[in-house]
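In what follows, a structure is listed as structure tokens, so that the remarks can point back to it.
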Number of protein chains: 2
Amino acid sequence: MAHDIQERIKKLIIDRRLPSGSPLPTEPELMELLGVSRNSVREALKALVAMGIVEIRHGFGTYVGPMSMAPMIEGLAFRTVAGHYRGEDSLLQLLELREAMETGLLARLAGEVPSNDLAELDALVDRMESEAAVGAVTAETDRAFHSTLYRCLRNPLLGEVLEAFWDAFHRVRTDLVDVPPDPKVTCRQHREILDAVRSGDTLRAEQAVREHFGNLRTRLGSPSPRPDQA
Amino acid sequence: MAHDIQERIKKLIIDRRLPSGSPLPTEPELMELLGVSRNSVREALKALVAMGIVEIRHGFGTYVGPMSMAPMIEGLAFRTVAGHYRGEDSLLQLLELREAMETGLLARLAGEVPSNDLAELDALVDRMESEAAVGAVTAETDRAFHSTLYRCLRNPLLGEVLEAFWDAFHRVRTDLVDVPPDPKVTCRQHREILDAVRSGDTLRAEQAVREHFGNLRTRLGSPSPRPDQA
DNA sequence: TAGCTCAGTTGGTTAGAGCAGCTGACTCTT
DNA sequence: AAGAGTCAGCTGCTCTAACCAACTGAGCTA
């Protein structure tokens, strides 16, 4: 029955063709509209918020949410952390997931990246190198590289899912194992990926990405440090 | 502050190393444990349920959830439906997502599939053909094929994400456009994928998968039917 | 011993009250 | 007249208290 309320609110959004950011009925209005108590309305809304379908601004109103992949990041990160603490190789699984996606996309990418994107990627790798010279590569730079690389596919969903996987992986890695990669190797590998993509050599690009992930993978292969002995 | 309650419950699961199915404190216990009212506890739990982190059984108790990708399916399906009704090519984007993942995985698959899995896949394509002879290929059979194909990668996360994307795509497709594919073509393409994988020819397998998705893609290319004019 | 009944536990729902954040109009000062 | 401060009103947030509904298990009955 609580689930039913959620469905009805979702139906309301669909039926009224409400885009992200549109105002939703207020809580009292929803109470009357759905014929349930305020409490039930709120529980349904909270669940929808957790899925990114609804956004609530205190003292202002409830709105159609951004429907981003943010909730997926949460769920995936939590699942990975929980699995890790139970001794599973959940982090490695997550890495393989990223690897599969990125290599799969690469085939459609080689030779198709517009020159301005290539220039931006060049700049990002340059930044990586200057960061590596003084310490470690910033997470933001790494993320930006992977994000910019696939932008030209003109598929927002793809980009968001990739970023979601990246975020989840990064969050869990820094929280749990944090074996910082060798910044120089990271730079070289990103440069190699970029060059391969520029040259339009699909196989070489795939190879470069695999090597990049292989590098991450070996560092996860070490016995996972468990916070304490259960 | 409500968000804080969610985090504390998640932390409780992590700290106590609770596996899926473990009982959680009852609502009154959580009230006392977290120092908040029952209402707040319930809203937090509902949000966690929406993320698959918690499972509630009426009259029985609250438990650690399966942490499956089911919530992601919900969110993705809703997002796709909403986007579709707003005139975006969200369904096509979802299809591209699946295509990218499956082709990316295929490279690691060719020649690695154990013989018993191959036999199972053979049986599935046989079933497809008998189904095609009398009507259309069952969704369940198609799903089972894609699911079985990647089982040998021994990465549960991968399998679940693939199934999640499959589910979301299938649900939205049947709900919205439902242009049933030519069952014969579907069978032939699945057979081709299977043969290519069996032979260990990575490129041919990728080609086969691309053709399969290309088939689906062209059928989505037709102008999306909108239920009515806004 | 088999089956039923009933009390106790758990979550589900409702109601009403007060708190907290934001907006916009009104008013007072400059 | 222009600006800043204030206040009334919306909004969502939290709490308390009570009752309903589903399930379990102990005890009773046949």
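Proteins come first, then strands; the chains are lettered A, B, ... in the order of their sequence lines, and each starts at number 1.
Nearest-nucleotide positions on DNA chain D for B:Val41 and B:Arg38 put B:Val41 closer to the 5' end.
A heavy atom closer than 4.0 Å to some atom of DNA chain D occurs in A:Thr26, A:Glu27, A:Pro28, these being the qualifying members of residues 19-33 of chain A. A heavy atom lying under 4.0 Å from DNA chain D marks the following residues of residues 44-58 of chain A, by number: A:Ile56, A:Arg57, A:His58.
Checked by atom type and distance alone, the side chain of A:Gln6 never pairs as donor or acceptor with a backbone atom of A:Ala44 at under 3.5 Å.
Boundaries of the chain A contact region on DNA chain C are C:dT13 to C:dT23, first to last in 5' to 3' order (nucleotide atom under 4.0 Å from a heavy atom).
For A:Asp167, the salt bridge (Lys or Arg N to Asp or Glu O under 4.0 Å) partners at least two apart in sequence or on another chain are A:Arg143. By the side-chain contact (heavy atoms from CB on, under 4.5 Å) test, A:Leu92 is found to be paired with A:Asp89, A:Glu96, A:Arg217, residues two or more places apart in sequence or in another chain being considered. Applying the side-chain contact (heavy atoms from CB on, under 4.5 Å) rule to B:Glu27 yields the partners B:Arg38, B:Arg42, B:Leu45; only residues at least two apart in sequence or on another chain are considered. Residues passing the side-chain hydrogen bond (donor to acceptor under 3.5 Å, both in side chains) test with B:Glu112, sequence neighbours excluded: none. Considering only residues two or more places apart in sequence or on other chains, B:Ser22 meets the side-chain hydrogen bond (donor to acceptor under 3.5 Å, both in side chains) condition with none of them. For A:Asp126, the salt bridge (Lys or Arg N to Asp or Glu O under 4.0 Å) criterion is met by A:Arg191, not counting sequence neighbours.
Sorted by first and then second residue, the pairs that involve residues 45-71 of chain B and meet side chain to side chain donor-acceptor pair (under 3.5 Å), not counting sequence neighbours, are A:Glu43-B:Lys46. Every pair tested for ring-ring contact (aromatic ring centres under 6.0 Å, His included) that includes a residue from residues 1-37 of chain A fails, sequence neighbours excluded, so the list is empty.
Phosphate contact (OP1/OP2 of D:dC13, side-chain N/O of A:Arg42, threshold under 4.0 Å): present. Side-chain nitrogen and oxygen atoms of B:Ser40 include at least one within less than 4.0 Å of the OP1 or OP2 phosphate oxygen of D:dC15.
Aromatic rings of A:His146 and A:His170 (six-membered ring for Trp) have centroids beyond the 6.0 Å cut-off, not under it.
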Which atom pairs link the protein and nucleotides 24-27 of chain D when you take only N or O atoms and keep those under 3.5 Å?
none

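Separating the CE atom of A:Met1 from the P atom of D:dA21 is a distance of 9 Å, rounded to the nearest angstrom.
Using a 4.5 Å cut-off on side-chain heavy atoms (C-beta onward), B:Met31 and B:Val36 make no contact.
Taking the ring axis of A:Phe169 as reference, the NZ or CZ atom of A:Arg98 stays within 45° of it and closer than 6.0 Å to the ring centre.
The CD1 atom of B:Ile193 sits 11.0 Å away from the CG atom of B:Leu109 when rounded to the nearest 0.5 Å.
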